[in-house]
Participant: 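The structure under discussion is supplied below as structure tokens; questions concerning it will follow.
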There are 2 protein chains.
Amino acid sequence: MNVEQAAKQLEALGNTTRLQVYRTLVRAGEAGLPVRQIQERLGIPPSTLSHHLQRLLLTGLVTQERQATTLICRASYPAMNGLIGFLVDECCADAGCGTQAENAA
Amino acid sequence: MNVEQAAKQLEALGNTTRLQVYRTLVRAGEAGLPVRQIQERLGIPPSTLSHHLQRLLLTGLVTQERQATTLICRASYPAMNGLIGFLVDECCADAGCGTQAENAA
DNA sequence: GCAGTATTTCTAGGATAATCGAATTAACGC
DNA sequence: GCGTTAATTCGATTATCCTAGAAATACTGC
């Protein structure tokens, strides 16, 4: 995980609508959720939701799987773990900041 | 930590330049770093850096302290912990997603 | 008060993003 | 093939962000 990729994912989550979408998907768990259901739960127009979903897909935070006419969306746990790992490792946090790997900056 | 505030902080970190600034500050540790040093290390114009620092300050991710003519910048660990806590709790992650507190969505 | 260094504010440009209605494609059942 | 539901792409508008030079402010030491 490099800085640019991490920034892209953070930016993707750095929007209230997208963060709500993401959180909704996380709570849906393994089963995932059809686009329509997300749309109804959050009350946003289909085109707007589709637009935001694309951004989440591009950064790998969300995956989709087709089931007949509906698209099931799922939060990607590995992606989230990678991002949190970056924040904890590179930018440290909980710990006393003892995990400075490289020192390129 | 509500969704909007979390989104604001994520957005603040969701920019390559700002993420580099933040990472630099975290690595500087408790001692912090003067604005000038950040500017020289990352090679960005003073006005651009100042602009980005304002955004990090507004979200509480960075604090500043004046020492004579120089401003010492420090990464706020509590803020970062709060944000990571939100991601882990509300959006879960490492764990098997067993910490769903509320279910407002 | 003046010179000098540190940092910010002003200003303006170009770029990117957010929103959402309307039109379009995708997939199924009959 | 046609109708229906699901979801996306198109198109246009508005708002916001990023960048950075130039001017202004903040603080100190003399």
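Below, chains carry the letters A, B, ... as their sequence lines are ordered, and counting in each starts from 1. Source: prediction; values computed, not measured.
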Participant: For residues 57-73 of chain B, pull every pair meeting salt bridge (charged side-chain N to carboxylate O under 4.0 Å, His left out), keeping only residues two or more places apart or in separate chains.
Facilitator: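 Non-adjacent pairs meeting salt bridge (charged side-chain N to carboxylate O under 4.0 Å, His left out): B:Glu65-B:Arg74.
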Participant: Can you measure A:Arg55 atom CZ to C:dA18 atom C1' for me and round it to whole angstrom units?
Facilitator: 9 Å
Participant: Taking only residues at least two apart or on different chains, which pairs with a member in residues 43-56 of chain B satisfy side-chain hydrogen bond (donor to acceptor under 3.5 Å, both in side chains)?
Facilitator: B:Arg18-B:His52
Participant: Please test B:Thr24 against B:Arg27 for side chain to side chain contact (heavy atoms under 4.5 Å, CB included), starting from the C-alpha separation and ending with a verdict.
Facilitator: CA-CA 5 Å; B:Thr24 303; B:Arg27 290 183 172 171; 5.9 Å; no
Participant: Going 5' to 3' along DNA chain D, between which two nucleotides do contacts with chain A fall, using a heavy-atom cut-off of 4.0 Å?
Facilitator: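 Terminal contacting nucleotides, 5' to 3': D:dA6 to D:dT9.
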Participant: Can you sort out the partners of B:Gln67 under side chain to side chain donor-acceptor pair (under 3.5 Å), two or more places apart, ordered by chain and number?
Facilitator: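 B:Gln67 satisfies side chain to side chain donor-acceptor pair (under 3.5 Å) with no residue once adjacent residues are dropped.
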Participant: With the threshold set at under 4.0 Å for non-hydrogen atoms, list the residues of residues 1-15 of chain A touching DNA chain D in residue-number order.
Facilitator: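 Contacts with DNA chain D under 4.0 Å: none.
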Participant: The criterion is salt bridge (charged side-chain N to carboxylate O under 4.0 Å, His left out); which residues satisfy it with A:Glu40, sequence neighbours excluded?
Facilitator: A:Arg36
Participant: So do the side chains of A:Lys8 and A:Glu4 get within less than 4.5 Å of each other, counting heavy atoms only?
Facilitator: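 The answer is no, as the side chains (C-beta and beyond) never meet within the 4.5 Å cut-off.
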Participant: Are B:Leu42 and B:Leu49 side-chain neighbours, meaning at least one heavy-atom pair lies under 4.5 Å?
Facilitator: no
Participant: Going through the checks in order, is the side chain to side chain contact (heavy atoms under 4.5 Å, CB included) test met by A:Leu19 and A:Asn15?
Facilitator: CA-CA 6 Å; A:Leu19 190 53; A:Asn15 171 279; over 6 Å; no
Participant: Name all residues meeting the side-chain contact (heavy atoms from CB on, under 4.5 Å) criterion together with B:Ala75; count only those two or more places apart in sequence or in a different chain, and write none if there are none.
Facilitator: B:Tyr22, B:Leu25, B:Val26
Participant: Would you check if the side chain of B:Gln9 reaches a backbone N or O of B:Thr59 as a donor-acceptor pair within less than 3.5 Å?
Facilitator: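 Flag set: sc B:Gln9 to bb B:Thr59 pair under 3.5 Å.
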Participant: Check B:Thr70, B:Ile72, B:Ile38 against B:Leu33 for a side chain to side chain contact (heavy atoms under 4.5 Å, CB included) and give me the one that passes.
Facilitator: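 One option only clears the test, and that one is B:Ile38.
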Participant: I need the CD-P distance between A:Gln67 and C:dA27, as an integer number of Å.
Facilitator: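 Distance check: A:Gln67 CD to C:dA27 P gives 14 Å.
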Participant: For nucleotides 3-15 of chain C, just jot down a letter per nucleotide in 5' to 3' order: B, S or -, based on protein non-hydrogen atoms under 4.0 Å.
Facilitator: ---SSBB------
Participant: Can you list the residues that meet the side-chain contact (heavy atoms from CB on, under 4.5 Å) rule with B:Gln64, with sequence neighbours excluded?
Facilitator: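 Once residues adjacent in sequence are excluded, the partners of B:Gln64 under the side-chain contact (heavy atoms from CB on, under 4.5 Å) criterion are B:Val35, B:Leu53, B:Leu57, B:Leu71, B:Cys73.
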Participant: Quantified as the angle between the terminal helix axes (five pairs each), what is the overall bend of the helix from C:dG14-D:dC17 to C:dC30-D:dG1 to 10 degrees?
Facilitator: 30°
Participant: Flag the pair A:Val62 / A:Val21 as yes when at least one side-chain heavy-atom distance between them is below 4.5 Å, and no otherwise.
Facilitator: no
